[in-house]
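As structure tokens, the structure follows; a few thoughts come after it.
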Amino acid sequence: MEILRTPRVTLIGRPQFLEPEHLAVQWKGASSDGERLAEFAGRLCYMSQHNPAGRTTAEYLGNILKQGHGSVFEHAQYVLLVEGISRSCSHELVRHRAGFGYSQLSQRYVDESHAAFVMPPAIQGDAALEAAWTRQVEAAQAAYVAAVEGLMAKYEWVTDRVHRRKMAREAARSVLPNATEVKIVVSANVRAWRTMLELRLGEGAEQEIRRMAVACLRVLQSEAPALFGDFETYAAPDGAEAGRVGYHKV
Ligand SMILES: Cc1cc2nc3c(=O)[nH]c(=O)nc-3n(C[C@H](O)[C@H](O)[C@H](O)COP(=O)(O)OP(=O)(O)OC[C@H]3O[C@@H](n4cnc5c(N)ncnc54)[C@H](O)[C@@H]3O)c2cc1C
């Protein structure tokens with residue numbers, strides 16, 4: 001049985017900016033397509049493509065963040081593949097609706113007999129808790145395998161094998177724990193990512209989703225520092241990492 005202790009976050013989609021020749025911007029400083037897209041949208045509002053203040057993209061977007069002109073950040077979309085999170089963590093994640101899209105591994109179709117399980121951060125490092133947790137999860141996985149076998153026998157009359165397996169797995173998954181690993185593709189525009197990160201990096205957020213949010217933030221900061229650079233992480237009093245936003249947007 002595979003036990004996972006950290007999430008894995010991979011950038012799988014980024015914006016592509018196609019600059020219109022008739023409204024070219026006087027760019028300054030290095031920037032990525034997503035950052036240029038946001039700057040272009042902001043400058044269009046005031047037709048300031050000639051860049052009168054001579055700002056770099058980072059300076060320009062920093063000012064937009066400070067002003068709370070959030071709609072400018074809705075154009076650029078980043079897509080992350082998130083793996084190594086539990087079903088309970090993904091359930092919290094998908095509560096973020098505005099500007100988000102999700103595709104999550106189906107427990108009806110996918111055989112979970114060899115699923116991995118995500119050990120909660122609070123359990124990690126405590127030998128007795130880890131051992132008890134591992135036993136409980138192993139028992140749940142064994143119950144799942146037994147339930148699939150029983151249900152496959154019960155539904156033997158279903159001639160379509162794919163459909164029969166789905167019928168068995170959709171019922172058997174009920175005994176899988178919240179800790180079962182899921183893989184999920186998460187797409188969101190920058191404004192939506194910022195809102196989710198602000199909520200889930202906070203010390204009030206559950207530790208696993210907080211850890212996931214830190215991992216997402218690192219990827220997004222490295223991809224588009226001018227759009228996410230105002231977030232900072234720190235060691236919270238509970239020993240885990242937390243984060244806060246520089247420019248809060250209501
Ligand atoms: C620390 C913490 C604890 C939590 N505990 C619980 C809990 O115990 N139980 C629980 O059920 N959930 C809980 N949640 C989840 C929470 O209630 C939200 O579902 C989640 O944070 C998503 O926030 P949101 O709805 O603002 O996000 P989104 O759905 O992404 O919405 C973003 C913003 O868009 C606007 N918006 C979106 N949809 C609508 C709409 N239909 N009508 C009007 N405006 C809209 C709102 O301004 C909203 O803030 C918790 C969240 C956190 C961070």
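Along the sequence shown, the residues carry numbers beginning at 1. Hydrogens, waters and symmetry mates are skipped; everything else that's a heavy atom, side chains included, is used. Counting starts at 1 for both ligands and their atoms, in listed order.
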Taking atom [atom1] as the centre, does [X] end up with more than 12 heavy-atom neighbours from other residues, nucleotides or ligands that are less than 6.0 angstrom away?
| X | atom1 | answer |
| --- | --- | --- |
| R5 | CZ | yes |
| K28 | NZ | no |
| R164 | CZ | yes |

Nearest neighbour of atom 38 (N) of ligand 1 from the list E198, R191, R97, on a heavy-atom basis: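 The option holding the nearest heavy atom is R97.
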
What do you think, any protein heavy atom under 4.0 angstrom from [atom]?
| atom | answer |
| --- | --- |
| atom 35 (C) of ligand 1 | no |
| atom 52 (C) of ligand 1 | yes |
| atom 1 (C) of ligand 1 | yes |
| atom 42 (N) of ligand 1 | no |
| atom 6 (C) of ligand 1 | no |
| atom 30 (O) of ligand 1 | yes |
| atom 22 (C) of ligand 1 | yes |
| atom 25 (O) of ligand 1 | yes |

Centroid-centroid under 6.0 Å between W193 and F228 rings: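 No; F228 has its ring centre 6.0 Å or more from that of W193.
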
Between F100 and ligand 1, is there a nitrogen or oxygen pair with a distance under 3.5 Å?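 No: no nitrogen or oxygen of F100 is under 3.5 Å from one in ligand 1.
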
Proximal atoms of ligand 1 relative to G204 (non-hydrogen, under 4.0 Å):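 Contacts of ligand 1 toward G204, numbered from 1: 1 (C).
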
Test salt bridge (charged side-chain N to carboxylate O under 4.0 Å, His left out) applied to E241 and R211, R210, R218, the passing residue: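 Between E241 and the candidates, salt bridge (charged side-chain N to carboxylate O under 4.0 Å, His left out) is satisfied uniquely by R218.
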
Are E203 and Y234 close enough that some pair of their side-chain heavy atoms sits under 4.5 Å apart?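 Contact flag for E203/Y234 side chains = yes.
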
Side chain, backbone, both or neither: R200 near ligand 1, heavy atoms under 4.0 Å: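 Looking at R200 and ligand 1, just side chain atoms fall under 4.0 Å.
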
Tell me the protein heavy atom at minimum distance from atom 12 (N) of ligand 1, and give that distance in Å.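 Answer for atom 12 (N) of ligand 1: R95 NH1, 3.2 Å.
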
Just need the protein heavy atom nearest to atom 32 (C) of ligand 1, so name the residue and atom and give the distance.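 Checking every protein heavy atom, the shortest distance to atom 32 (C) of ligand 1 gives A98 CB, 3.9 Å.
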
Would you call the rings of W27 and F17 parallel, tilted or perpendicular, taking 30° and 60° as the class edges?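 Because their plane-to-plane angle is over 60°, the rings of W27 and F17 count as perpendicular.
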
Using the ring of each side chain (for Trp, its six-membered ring), is F100 parallel, tilted or perpendicular to H96, with breaks at 30° and 60°?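 Taking H96 first and then F100, their aromatic rings sit tilted (interplane angle of 30° to 60°).
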
Under a plain distance cut-off of 3.5 Å, with no hydrogens placed, do S71 and E74 share a side-chain donor-acceptor pair?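 No donor-acceptor contact under 3.5 Å links the two side chains.
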
